[in-house]
Amino acid sequence: MTSNPNSVHSNNSVNSVENAPLLEVRGLKMHFPIRRGFLQRTVGHVRAVDDVNFFIQPGETLALVGESGCGKTTTARCILRALDPTAGEVLFRTDDGRAVNLAAIPRKQLRPWRQHMQMIFQDPYASLNPRMTLADIVGEPLLVNGMRDRQARNDRVAELLRLVGLRPEYMQRYPHAFSGGQRQRIGVARALALNPSLVVADEAVSALDVSVQAQILNLLMELQERLGLTYLFVAHDLSVVKHISDRIAVMYVGKIVELAPTRRVFSVPKHPYTEALLSAVPIPNPRVHSQRILLEGDVADPSKPPPGCYFHPRCRYAVERCRIEPPPLVEVESGHYAACHRATELTLRGVMGRETGQN
Amino acid sequence: MEPILTVDNLKTYFFQSEGTVKAVDGASFEVYPGQTLGLVGESGCGKSITARSILRLVDKPGRIVDGSIQYYPANGGQALELTELPSDGATMREIRGKDIALIFQEPMTSFSAHYSVGNQIMEAIRIHDRGLSQQAARARAVDLLRKTGVPMAEQRLDMYSFQLSGGLRQRVMIAMALACTPRILIADEPTTALDVTTQAQILALLKDLQRSFGMAIILITHDMGVIAEMADEVAVMYLGRVVERGPVDQIFHAPRHPYTRALLRSIPSIDGEPRTKLPTIRGSIPHPYSRPQGCPFHPRCLERIAGVCDQHEPALARMADGQAVACFLHHREEIRQN
Amino acid sequence: MAQSVPAIPTDPDHLVEDIATDAEERVSVATQWQLMWWRFKQHRLGVFSGVVIVIFYLVVVFADLLAYVDPAQSEALRSLIAPQPIHWFDNGQFRPHVYALAGKRDPLTFKRVYEPDPERKIPITLFARGFEYKLLGMVPTDVHLIGLAGAPPEEGLYLLGTDLQGRDMWSRLMLGTRTSLTIGLLGVAISLFLGVLLGGLSGLYGGWVDTLIQRIIEITRSIPTIPLWMGLAAAVPNSWNVTQIYFSITIIISLIGWTELGRVVRGRFLSLREEDFVLAAELAGASQWRIIFRHMVPSFLSHIIAATTLALPAMIISETALSFLGLGLRPPAVSWGVLLQDAQNVQSLAISPWLLAAAIPVIIIILAFNFLGDGLRDAADPYGV
């Protein structure tokens, strides 16, 4: 890959110039072997994450979007070291300014680093142990990181519950007493227990009902302001992503195809896949009829991706070059990266302001 | 236009040892030929059970306890009262599939893994058309797959459901539902398990098919975007009741029920400003065992009238412009009569 | 979009408020065991079976108290007495008694026949004295729950008749119950230990450990049971005493039983490893040890209990079958299988059907364990909807 998005982060409009990124991902790869037969021979690899580069500034929200199987969740799990990446660096900046490569630390020595990055899960039912009380669930990170005194722990749990809008009196209850939205708040409280600087939210609102989803999104934004959190927000719903993120990275078959500030992704997309993705989102307004770009066929198989640009078989702008040469992720405009040979010559349709004039 | 299906005050309860769940508690709407009725609501609002009640596919301990479902057959004969037919009787079996077909959210579980998809489509064709030869049925199946936009239909016919992608599986599911050219297609969250780009394909397909077959669609979803795009009429459900009903434009641009209004405002929109707070509906959907007394929405409603909304249940009343709403804010006369 | 919707007053404070009733509050703080118990209680047959099983195990504990004759004591003069009716009233007064029997030989068939003598009534009493034993294995005593007043029980009380050697069936059944039910329990305990250990290793470590253990399970399960038992039982030396044979038989039957439990445990570990809450604990920095014992084991403990309950009847049947075939316990040990061995020939069945008495508790306990297991299995996951 020829470009390095990290060399130009001073151009990023969101954050101050002197700030180094909190997290920097370089050349991240996660290839899962495909094993077949009695002897479990490796017959190929699923390139779930295939050379991913990005950075996140302190206090910002970066959204990782894409359709199922694009590798966004795998990327997030590699960063958290729930998975051990095949290759690449995950550089995390510590309080004293050093950058530590988390991808190179042996699993057993990860614990001191884990408390700096926590995760909010998609499924509010599966992510809380039904056999533990709130006090034990939210208190577990505290306990395993050395807060042995139960009273001190419960005080902290009460504080956390209040922070996420739950009554501390509920501490002795079990998760089954709560609704989906309330459970998600519990998940947020647990993630915040150790004062992490980076929170990875993996589809944190997609399992919730619309009316509850808005509550959780607001809560996340509020907490970010109050605690100065940095979010990596993994999601497939572009409308949700738009409400919470500062910058968006669009993934397709294990690669980032476009990375730009939110407003730019929505108004002037530079990758044909982003354009198609935006046009496909149904708009909750019967008076607006968007001109859909209907993609032909299915997403490429990450175990045998097509040559050249992975998107070219479905791309209506594809030329001969796209079939041969994989496009690198380059900075098309200041802070706006796209992996498309024709990024500068095409004028693609965004969604910002689409509605005005129709109403 | 004459309706093809009328559902009036439908009530389907589930009698469980822990208590009675009023899954559907007063649903009323009409379905017109060639039109799409959107049934929208959040989890537990009873939209799927309503669909299953129409097809008489409610399993024990569930039972239709009240209301009527009138179906008007194609030959212009007597309207059939579906709630009075035996759910396993010949008439009901004839109606299922041939007159009213159903497609589900998760196409994976709707297919058997032991038969090829072609086999299953052909079976569906021949259940209602017994005289058809094997070859003719196969030709019909290939034709259906082509119509639903399945590439390489001939080869795909001999594949098994797990060999197909999610989008293709949903297309095959639709092909199977269309096997007998039903007059009503009930689509229960047909695109929820799919990605947006695939969803766009399927929605476009459904519209095309509706145009060429002239069938009525009951589209069940929680996604207001999908409703805005597909529906002609909308029925908004909350805790088993239709709280508001009307033409799609009025529902989105002149909603009357506080729930509809709050729901519309709380949807994150792709047209909205980045990093803005969304208006929310406070609280959460109550557990089905502990339904609030009075209007089911009143504990979360900011416009509730104390002493009224928490005491009486508002009926779904039709307004002058054809919209119907179940809310005391809009028919105060009724309160006075109480 | 936002402009087209009429404004509604927004509620800035979206604290999740709800008022729980007392009943809901009780459910809210209920542990998994309480939830399981509430759920299990609704399974009537399961609860009833549980009571039956408790009664059977009370018999196990108090077998010698319930017996009234030394089960090994034989007497040719009392062979094959039919079960004897109890007369509850004497001249309108409640006074349970039996008639004394007079045995003599039928001059035509040369069979021994026993004739009750209504003139000689022997009253039945509670807490009578009989053979000596140690209550609960500790307290030496000779008190038995029932006995006869004024006569040694072996000379007059035959509740379930006697066998060919004149041994009292009731007393033998009591002690047989003890043997058969403890062998099942012990066998399951060994199976459980092996199953949890090997299944756990298999599920936790995966890789070649998993492959090896899975192959062992497959091989074990592919060996036909009866020939394997026959082979193993034949290898048990004849010179061993009752206790030694007892333990060797237990080990033989549990060698087969562990594979099923091993599979259950492995499957649970594999699926739990993928659970979000396990990943959450890992990301919080919890140790492997804590994840296993705080998160995984409590999650499948209830399933293991249910699986164990369902495995017990197989153990009991195995012992009974082995002993019946003469491969398991041998006299002088008493077990259900040994008792049924006496009922092997058709002739004895035709003349003295009471020898089959041991079949009844076998059927009852097997059904009871199955129903209890079903109930427990249904209640085992109170969180699944």
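Convention: sequence-line order gives letters A, B, ...; per-chain numbering from 1.
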Atom pair [atom1] ([X]) and [atom2] ([Y]), whose distance is rounded to the nearest 0.5 Å:
{"X": "I216(A)", "Y": "L278(B)", "atom1": "CD1", "atom2": "CG", "answer": "12.0 Å"}
{"X": "L278(A)", "Y": "T197(B)", "atom1": "CG", "atom2": "OG1", "answer": "12.0 Å"}
{"X": "M221(A)", "Y": "T276(B)", "atom1": "CE", "atom2": "OG1", "answer": "6.0 Å"}
{"X": "I267(B)", "Y": "I283(A)", "atom1": "CD1", "atom2": "CD1", "answer": "12.5 Å"}
{"X": "Q215(A)", "Y": "S266(B)", "atom1": "CD", "atom2": "OG", "answer": "9.0 Å"}
{"X": "L217(A)", "Y": "K277(B)", "atom1": "CG", "atom2": "NZ", "answer": "11.0 Å"}

Requested in this report: Determine the sole option in L238(A), V241(A), V240(A) for which the side-chain contact (heavy atoms from CB on, under 4.5 Å) test with P268(B) is passed.
Outcome: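 The single option meeting the side-chain contact (heavy atoms from CB on, under 4.5 Å) with P268(B) is V240(A).
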Requested in this report: Using the side-chain contact (heavy atoms from CB on, under 4.5 Å) rule, pick out the option among I281(B), I285(B), L263(B) that qualifies with D209(A).
Outcome: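 Option passing the side-chain contact (heavy atoms from CB on, under 4.5 Å) with D209(A): I285(B).
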Query raised in the report: Side chain, backbone, both or neither: which part of Q201(B) has an atom under 4.5 Å from a heavy atom of chain A?
Result: both
**Report entry** Residue part contacting chain A, namely of I251(B), when any heavy atom lies under 4.5 Å
**Finding:**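 Contact with chain A is absent: no heavy atom of I251(B) under 4.5 Å.
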Query raised in the report: What part of L277(A) gets closer than 4.5 Å to chain B, counting heavy atoms only: side chain, backbone, both or neither?
Result: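 Both backbone and side chain.
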Query raised in the report: Between S211(A) and R300(B), does any side-chain donor sit less than 3.5 Å from a side-chain acceptor?
Result: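 Yes.
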Requested in this report: Could you check which of Q199(B), M230(B), E42(B) has the highest count of heavy-atom pairs closer than 4.5 Å to chain A?
Outcome: E42(B)
Query - Winner by heavy-atom pair count (cut-off under 4.5 Å) against chain A, out of D249(B), V248(B), L203(B) - result: D249(B)
Query raised in the report: What closest approach, in Å, do V196(B) and A280(A) show between heavy atoms, and which atom pair accounts for it?
Result: O-CB, 3.6 Å
Report task. Taking all heavy atoms of P279(B) and all of A214(A), pick out the closest pair and write down the distance. Result ->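 Heavy atoms only, the tightest pair is O-CB, 3.9 Å.
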Report task. May I ask you to decide whether E273(B) forms a salt bridge with R263(A), counting only side-chain N to carboxylate O separations under 4.0 Å? Result -> yes
Query raised in the report: Top residue by heavy-atom pair count (under 4.5 Å) with chain B, among P282(A), A276(A), G181(A)?
Result: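 Ranked by contacts with chain B, first place is P282(A).
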Query raised in the report: Is any side-chain heavy atom of E229(B) closer than 4.5 Å to a side-chain heavy atom of P284(A)?
Result: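 The answer is no; the side chains never approach within 4.5 Å.
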**Report entry** Polar side-chain atom of R275(B) near backbone of I244(A) as donor-acceptor pair, under 3.5 Å
**Finding:**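 Here the side-chain-to-backbone pair exists.
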